[in-house]
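The structure appears right after this line, and notes come after that.
None of these values were measured; they are calculated from a predicted model.
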Amino acid sequence: MGFDGLVVVSDPYLQRRFTQTDLRALQAQYAALRDASPTGRLRLRDLPAAISGLRAGAAKGGGGDADEKENSAPDPPPPGPGLTDEEWASVLKAVARADERPHQDASFELFLRVYAEMQLRLKAGKKPGGGIARSSSSSAAAAFLTAATTTLLHTISESEKASYVGHINAYLAEDPFLKDGLPIDPATDHLFHITKDGVLLCKLINLAVPGTIDERAINTKKVLNLWEKNENHTLCLNSAKAIGCTVVNIGTQDLAEGRPHLVLGLISQIIKIQLLADVNLKSTPQLVELVEDSKEMEELMSLSPEKILLRWMNFQLKKGGFQRTVTNFSSDIKDSEAYACLLNVLAPECSAKPSTMSVKDLLHRARLILEHADRMGCKRYLTPKDIVDGLPNLNLAFVAHIFQKRNGLSKQMKQVSFVDGLSDDAQVSREERSFRLWINSLGISSYINNVFEDLRNGWVLLEVIDKIAPGSVNWKMANRPPIKLPFRKVENCNQVLKIGKELKFSLVNIAGNDIVQGNKKLILAFLWQLMRYNILQLLRNLRFHSNGKEITDNDILAWANKKVKESGKHNSRMESFKDRSLSSGTFFLNLLSAVEPRVVNWSLVTKGEKDEEKQMNASYIISVARKLGCSIFLLPEDILEVNQKMMLTLTASIMYWYLKRPTSYSLDSENGSLCETSSTSTSDDSASESSIDENGAR
């Protein structure tokens with residue numbers, strides 16, 4: 001499992017149907033098919049020919065390299081003998097939703113639905129009408145389709161496992177709950193057993209981003225029952241999303257069973273976040289040394305931490321007279337030459353004889369690099385063989401740790417005018433974080449690192465809108481990145497605002513160019529309306545309780561007060577989402593206890609009178625809500641300051657979790673409150689359900 005994170009799938013069926021390796025292989029095939037199209041588009045009606053082309057291409061390709069086969073995508077021929085045209089039409093009819101038309105662009109998830117349905121039919125060996133299909137061709141096709149995505153399935157890198165185990169042993173050795181189980185032996189599968197109760201993973205998240213989980217909410221008894229373990233896993237997954245991990249394709253059952261490839265994938269993401277925590281301008285303002293003007297500053301702010309790390313490495317290599325540019329953490333550093341130069345620039349006093357570059361044997365040279373790093377006090381994270389083999393994940397970890405220990409940047413930050421915009425006020429910074437994490441949880445193809453920079457071309461906003469309001473984007477009129485011409489970005493942003501008006505957003509005095517220019521206030525205002533629309537639509541889509549009526553902020557407020565009152569807390573009430581009394585945390589604790597009485601440990605709750613008590617309650621509320629199954633992105637400060645937007649999202653996420661349970665509710669048309677009814681209906685949630693809840697209803 002790599003540091004690049006997991007492939008996000010929001011459809012629960014697809015989440016269970018495919019493994020992460022399946023999804024990566026299929027995502028590569030999907031992208032290749034789309035790019036190979038003369039129009040750059042892949043439509044629903046094109047999928048039969050495209051998928052048949054994958055099968056035909058594999059048949060022609062014979063054995064070949066697994067990686068090469070996994071990513072190949074030849075020009076698709078007409079549907080082959082695997083399924084007839086009539087059968088393909090039946091497949092498309094079975095998977096297409098009411099708002100999906102043959103001429104519209106096929107999303108990755110639609111591609112997956114078609115692929116999965118075709119696999120099922122081929123494997124069953126039957127035609128849609130009940131007759132027996134052509135056994136030889138169907139079996140051959142089914143064999144290919146299975147092999148194409150399962151050849152590499154559950155293999156894990158022993159080098160990566162050993163590296164992550166070393167990290168855990170080093171950083172968590174003194175943890176009072178875990179110390180009896182540490183150190184973990186990397187030569188065994190003990191890692192996958194010790195994570196089965198969820199405690200280690202929760203602790204690892206707090207190590208990566210301190211304070212994410214209130215450890216009072218973790219179940220830490222010596223012997224945990226299945227319910228308590230599930231609570232820990234739910235808390236872990238929702239907290240992982242809240243620090244930037246993509247975990248949509250991992251469920252609590254996967255963690256409970258200790259599935260190696262999924263556990264290792266999650267651990268790799270968490271460790272990556274810890275190691276790259278300082279690789280940004282906010283944490284390390286000295287990185288301004290890497291830029292010369294405002295244009296380069298904008299570019300730096302939009303880069304991922306990995307790209308910034310590469311840029312930093314090349315900056316230091318240039319000081320040492322290194323002639324090549326390092327563009328990756330794999331092939332470009334296999335020969336250790338870049339490492340030798342980097343370490344000599346950062347820590348020349350730690351050099352030793354013989355000099356690294358005088359050694360011709362690559363393994364010996366790599367060994368000298370690690371010895372040099374040892375003298376600098378850097379953890380290894382990899383072996384000489386890992387360097388020579390060019391393992392990108394472990395090389396990234398190694399370079400990130402070098403950056404943490406000694407980045408070689410000037411402590412005297414140069415004074416330049418174009419860094420003035422970096423000092424956002426706290427609330428703007430918190431809101432940017434919340435919206436960024438929310439967008440990344442939706443399952444769109446883009447991953448954003450900075451809201452104000454990454455949304456400026458309009459493309460990501462169109463992806464978000466298409467996820468929460470399917471069919472509203474005219475993709476024929478959209479300009480796909482990279483976009484060099486400014487007016488093309490404006491065109492995208494104008495379409496964003498046009499759709500916003502159709503969704504009845506308040507868009508007074510905002511133009512497409514405001515988004516292109518990175519107007520923070522207007523971007524945050526638009527994102528809030530998108531998030532609020534998503535929340536209300538998810539609640540409305542639980543049709544069995546809303547009867548198709550629009551859900552309003554007042555409905556959410558009335559429901560919360562009603563639940564708390566029904567639990568016997570007659571004096572606990574919120575007048576609005578701006579009610580200053582919410583800062584004590586008491587109301588939200590009462591609400592959480594009302595929807596699930598056993599989830600709040602009242603012996604840990606304070607009166608919420610002093611600032612310190614309020615802080616403790618706020619931290620506990622967030623962790624308890626995540627433990628319950630709510631996917632939320634607020635911080636304790638949002639509760640302390642009664643951030644109206646975050647109070648609404650918190651209440652709505654609790655409401656959404658509660659209403660998804662088997663007992664349903666209907667909207668009382670007289671007073672706008674939600675009344676309990678008896679129903680056996682199941683929810684029909686939108687594709688963006690992951691933005692509110694992934695684990696609460698497993």
Side-chain angles (χ1 to χ4, degrees), residues 238 242 430-431 434-435 437-438 441 528-542 545-546 549-567 569 571-597 599-600 605 608 614 617-661 664-665 667-668 671-676 685 689 691-693 696-697:
N238 283 316
R430 289 203 307 272
E431 288 193 6
S434 295
F435 292 135
L437 294 170
W438 169 67
S441 78
W528 164 241
Q529 293 185 80
L530 276 178
M531 179 185 273
R532 179 177 172 275
Y533 176 86
N534 183 214
I535 293 167
L536 298 181
Q537 285 300 108
L538 288 173
L539 288 170
R540 182 181 182 275
N541 285 345
L542 296 175
H545 78 262
S546 70
K549 295 179 181 292
E550 294 295 334
I551 301 293
T552 67
D553 297 4
N554 286 335
D555 292 328
I556 299 171
L557 184 71
W559 173 85
N561 283 325
K562 185 172 183 286
K563 291 306 301 177
V564 171
K565 185 177 180 180
E566 287 175 346
S567 72
K569 306 288 186 179
N571 295 324
S572 184
R573 177 180 177 82
M574 66 170 164
E575 298 301 326
S576 71
F577 295 112
K578 296 186 290 185
D579 190 333
R580 299 303 303 175
S581 68
L582 295 176
S583 66
S584 71
T586 303
F587 179 83
F588 286 117
L589 289 164
N590 287 334
L591 178 59
L592 289 164
S593 180
V595 299
E596 178 52 73
V599 78
V600 176
V605 175
K614 291 180 178 180
N617 281 353
S619 176
Y620 187 57
I621 287 165
I622 293 171
S623 290
V624 168
R626 288 175 179 153
K627 181 178 179 178
L628 190 66
C630 301
S631 182
I632 49 179
F633 305 104
L634 73 165
L635 293 171
E637 290 80 2
D638 293 313
I639 297 177
L640 298 176
E641 297 174 13
V642 191
N643 182 319
Q644 180 183 1
K645 299 171 185 176
M646 295 301 111
M647 296 305 92
L648 172 58
T649 60
L650 173 59
T651 310
S653 64
I654 297 171
M655 178 181 178
Y656 182 73
W657 175 85
Y658 181 75
L659 294 177
K660 283 191 68 178
R661 305 197 313 175
S664 64
Y665 288 74
L667 191 64
D668 185 331
N671 57 27
S673 64
L674 294 162
C675 305
E676 186 171 354
D685 303 328
E689 175 182 330
S691 64
I692 296 293
D693 176 320

What distance do [X] atom [atom1] and [Y] atom [atom2] have between them, rounded to the nearest 0.5 Å?
X      : Y      : atom1 : atom2 : value
Ile621 : Leu592 : CD1   : CG    : 7.0 Å
Phe588 : Leu650 : CZ    : CG    : 4.5 Å
Trp438 : Leu634 : CH2   : CG    : 15.5 Å
Leu648 : Asn643 : CG    : CG    : 10.5 Å
Leu538 : Lys660 : CG    : NZ    : 9.0 Å
Arg532 : Thr649 : CZ    : OG1   : 12.0 Å

(request) Please assess Leu536 against Glu550 for the test side chain to side chain contact (heavy atoms under 4.5 Å, CB included), listing each intermediate value before the final yes or no. (result) CA-CA 8 Å; Leu536 298 181; Glu550 294 295 334; over 6 Å; no
For [X] versus [Y], what's the shortest heavy-atom pair and its separation?
X      : Y      : value
Ser572 : Phe587 : OG-CD1, 3.5 Å
Leu591 : Thr651 : CD2-CG2, 4.2 Å
Cys630 : Ser653 : SG-O, 3.6 Å
Asp638 : Met646 : CG-CG, 3.7 Å

Sidechain-backbone polar pair: [X] side chain, [Y] backbone, donor-acceptor under 3.5 Å:
X      : Y      : result
Asp579 : Glu575 : yes
Arg573 : Val564 : no
Asn617 : Lys614 : no
Ser623 : Tyr620 : no
Ser584 : Ser581 : yes
Asn561 : Ala558 : no
Ser434 : Phe633 : yes

(request) Given side chain to side chain contact (heavy atoms under 4.5 Å, CB included), test Leu557 with Asp553 step by step and report yes or no. (result) CA-CA 6 Å; Leu557 184 71; Asp553 297 4; over 6 Å; no
Does some side-chain heavy atom of [Y] sit less than 4.5 Å from a side-chain heavy atom of [X]?
X      : Y      : answer
Asn541 : Tyr656 : no
Lys645 : Phe577 : no
Pro636 : Ile622 : yes
Lys563 : Tyr658 : yes

(request) Could you check Ile632 against Asn238 for side chain to side chain contact (heavy atoms under 4.5 Å, CB included), going step by step and ending with a plain yes or no? (result) CA-CA 8 Å; Ile632 49 179; Asn238 283 316; over 6 Å; no
(message) Run the side chain to side chain contact (heavy atoms under 4.5 Å, CB included) test on Ile535 and Met531 for me, step by step, so that the C-alpha distance in whole Å, both residues' side-chain angles and the decisive distance to 0.1 Å come before the verdict.
(response) CA-CA 6 Å; Ile535 293 167; Met531 179 185 273; 4.0 Å; yes
(message) I'd like to know whether Arg430 forms a salt bridge (Lys or Arg N to Asp or Glu O under 4.0 Å) with Glu637, so could you lay out the CA-CA distance, the side-chain angles of the two residues, the decisive distance to 0.1 Å, and finally the verdict.
(response) CA-CA 9 Å; Arg430 289 203 307 272; Glu637 290 80 2; 5.2 Å; no
(message) Just checking Lys565: does its NZ atom have more than 12 heavy atoms from other residues, nucleotides or ligands closer to it than 6.0 angstrom?
(response) no
